Visitor: 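Below is the structure I would like to discuss, written out as structure tokens.
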Number of protein chains: 2
Amino acid sequence: MKEELVKQIRKLTQQHAYTSLQMHEAVARKAGLSGTDHKYLGFLLEKGEMTAGDFAKATGLTTGAVTGLIDRLEKKKFLSRHFAEGDRRKVLLKPNTGLIMTLLIPLYEEFRRETENLISSFSISEIKVIERYFSQALAIMNQRIEILSQPDANE
Amino acid sequence: MKEELVKQIRKLTQQHAYTSLQMHEAVARKAGLSGTDHKYLGFLLEKGEMTAGDFAKATGLTTGAVTGLIDRLEKKKFLSRHFAEGDRRKVLLKPNTGLIMTLLIPLYEEFRRETENLISSFSISEIKVIERYFSQALAIMNQRIEILSQPDANE
DNA sequence: CCTAAATATCTTAGGCGCTAAGATAACTGT
DNA sequence: ACAGTTATCTTAGCGCCTAAGATATTTAGG
């Protein structure tokens with residue numbers, strides 16, 4: 001029965017998402033961070049140097065929350081604050097890439113290797129199938145998020 | 001280059017997990033729940049009636065946290081408390097399945113349909129590839145969580 | 001220039017959800 | 001029957017969030 005197989009796969013993808021989250025939090029704990037801080041630190045690392053305000057926009061947090069987030073990350077030396085040249089109101093966040101890498105890479109490297117080995121164990125055409133699944137699943141979810149985030153008509 | 005393709009897929013799976021979480025939270029907001037409460041409500045619904053203590057064990061929360069969680073869910077009529085027959089210390093949690101379904105199904109149904117359509121668009125052998133990927137990825141992550149959750153040797 | 005408005009960040013007050021520790025109530029075994 | 005165990009709840013305190021407003025700096029208009 002293809003139908004049953006389909007339902008089974010759908011549940012599997014759900015579990016996959018849940019387990020990813022668990023792992024992300026396990027990494028955070030090991031690194032001495034909260035899940036929240038780990039998430040946003042990864043974000044900053046990816047985007048590179050940015051101002052506090054841009055960070056707030058990028059994360060969707062309020063400016064107050066970002067101030068607290070930066071405080072916590074700064075206290076742990078994961079980033080430093082600098083006033084922007086030319087506009088002393090702006091606070092530039094400079095990630096301490098070295099420290100972050102030193103701390104996080106050992107926690108992720110083996111996982112990354114295992115995952116890449118897993119993917120490599122498929123043939124090119126199989127990988128393309130997996131790619132097609134993920135790309136389309138992503139599109140579906142992003143569309144759904146957009147719909148869900150629109151305010152209700154009656155309010 | 002297969003290597004580059006592999007790296008690309010790995011990033012795609014990361015993004016997939018992140019986006020799943022975003023969608024889960026968007027659903028929660030729409031249902032008037034926190035992401036946390038939505039997560040655990042789904043849990044209760046899946047497992048069915050259980051005691052508060054079992055709920056704590058199942059979720060990994062402390063009993064105090066579970067008391068608060070139950071309070072919030074009870075206030076919103078998502079469940080009711082009943083003393084267990086034969087042991088009046090135990091509190092049985094009875095999910096209000098009707099209300100939960102009424103509230104959540106409209107938020108998920110279209111997504112589920114779209115996802116199942118997506119999966120169905122693959123051939124049986126392609127679906128087996130996807131299944132193989134997810135099963136093995138899950139195993140890798142669960143193993144990693146276990147390793148990460150072990151206390152460090154030097155502490 | 002000088003000042004009003006705009007902008008960028010920080011601070012404060014208050015809420016939610018968590019843990020750890022201990023209180024309360026009910027059960028169990030000898 | 002009562003000491004110990006078990007199940008849940010309560011309390012104190014912390015972390016992280018929002019909303020609102022304070023502070024400091026820049027920009028624009030007269």
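Quantities reported herein were computed from a predicted structural model and do not represent experimental measurements. Computation of the quantities below employed the complete heavy-atom set of this structure, encompassing side-chain atoms and omitting hydrogens, waters and symmetry-equivalent molecules. Numbered from 1 within each chain, the chains take letters A, B, ... in sequence-line order.
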Visitor: With respect to the side chain of B:R89, which nucleotide from C:dC18, C:dA26, D:dT8 is positioned closest?
Guide: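 Nearest to the side-chain atoms of B:R89, counting from C-beta on, is C:dA26.
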Visitor: Using whole Å, report how far CG of B:L61 lies from P of C:dC16.
Guide: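 To the nearest whole Å, that distance equals 17 Å.
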Visitor: Which residue lies toward the 5' end of DNA chain D, B:K57 or B:D71, if each is placed at its nearest nucleotide?
Guide: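 Closest to the 5' end, via its nearest nucleotide, is B:K57.
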Visitor: Ignoring the backbone of A:T63, work out which of D:dT10, D:dC17, C:dT9 is nearest its side chain.
Guide: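 When the side chain of A:T63 is considered, C:dT9 is the closest of D:dT10, D:dC17, C:dT9.
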Visitor: Look at the side chain of B:A65 and decide which nucleotide, out of C:dT19, D:dC9, D:dC17, has an atom nearest to it.
Guide: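 The answer is C:dT19.
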Visitor: Nearest to the B:D87 side chain among D:dC16, C:dA26, D:dC9, which nucleotide is it?
Guide: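 Per side-chain heavy atoms of B:D87, the pick is C:dA26.
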Visitor: Tell me: CD of B:E25 to P of C:dG17, nearest whole Å?
Guide: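 It is 13 Å, rounded to the nearest whole Å.
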Visitor: What is the nucleic acid contact for B:G64, judged by heavy atoms within less than 4.0 Å: base, sugar-phosphate only, or nothing?
Guide: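 Base: the residue B:G64, judged by heavy atoms under 4.0 Å, touches a nucleobase.
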Visitor: Hey, what's the ring geometry for A:H16 with B:H16, parallel, tilted or perpendicular (30° and 60° as the breaks)?
Guide: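 The rings of A:H16 and B:H16 sit tilted, inter-plane angle from 30° to 60°.
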Visitor: Please determine whether a side-chain nitrogen or oxygen atom of B:R72 lies at a distance below 4.0 Å from atom OP1 or OP2 of C:dC18.
Guide: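 For C:dC18, OP1/OP2 do have a side-chain N/O of B:R72 under 4.0 Å.
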Visitor: When you check the phosphate oxygens OP1 and OP2 of D:dC16, does a side-chain N or O of A:S34 lie under 4.0 Å from one of them?
Guide: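 The answer is yes; a side-chain N or O of A:S34 sits under 4.0 Å from OP1 or OP2.
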Visitor: Is it true that a side-chain atom of B:T59 and a backbone atom of B:A56 form a donor plus acceptor pair closer than 3.5 Å?
Guide: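 Yes: the side chain of B:T59 pairs with the backbone of B:A56.
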Visitor: Flag the pair A:R144 / A:L148 as yes when at least one side-chain heavy-atom distance between them is below 4.5 Å, and no otherwise.
Guide: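 Of all side-chain heavy-atom pairs linking A:L148 with A:R144, at least one is under 4.5 Å.
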Visitor: Are B:R10 and A:I119 close enough that some pair of their side-chain heavy atoms sits under 4.5 Å apart?
Guide: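 Yes, their side chains come closer than 4.5 Å.
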Visitor: Name the nucleic acid region contacted by A:A52, choosing base, sugar-phosphate or nothing; use a 4.0 angstrom heavy-atom cut-off, strictly under.
Guide: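 Sugar-phosphate, backbone atoms only, no base.
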Visitor: How would you label the contact of B:Y40 with the nucleic acid (heavy atoms, under 4.0 Å): base, sugar-phosphate, or nothing?
Guide: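 If one applies the 4.0 Å heavy-atom cut-off, B:Y40 turns out to touch the sugar-phosphate alone, with no base involved.
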Visitor: Measure NZ/A:K75 against P/D:dC16 and give the value in whole Å, please.
Guide: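 The answer, rounded to whole Å, is 10 Å.
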Visitor: For the side chain of A:R88, counting heavy atoms from C-beta on, which of D:dC17, D:dT25, D:dC9 is nearest?
Guide: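 Minimum distance to the A:R88 side chain belongs to D:dT25.
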Visitor: Please indicate whether B:K128 has more than 12 foreign heavy atoms, meaning atoms of other residues, nucleotides or ligands, lying under 6.0 Å from its NZ.
Guide: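 Result for NZ/B:K128: open.
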Visitor: What is the nucleic acid contact for B:T62, judged by heavy atoms within less than 4.0 Å: base, sugar-phosphate only, or nothing?
Guide: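 Answer is base: heavy atoms of B:T62 come under 4.0 Å of a base.
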Visitor: Name the closest nucleotide to the B:T51 side chain, picking from D:dC16, D:dT8, C:dC10.
Guide: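 Given the options D:dC16, D:dT8, C:dC10, the side chain of B:T51 is closest to D:dT8.
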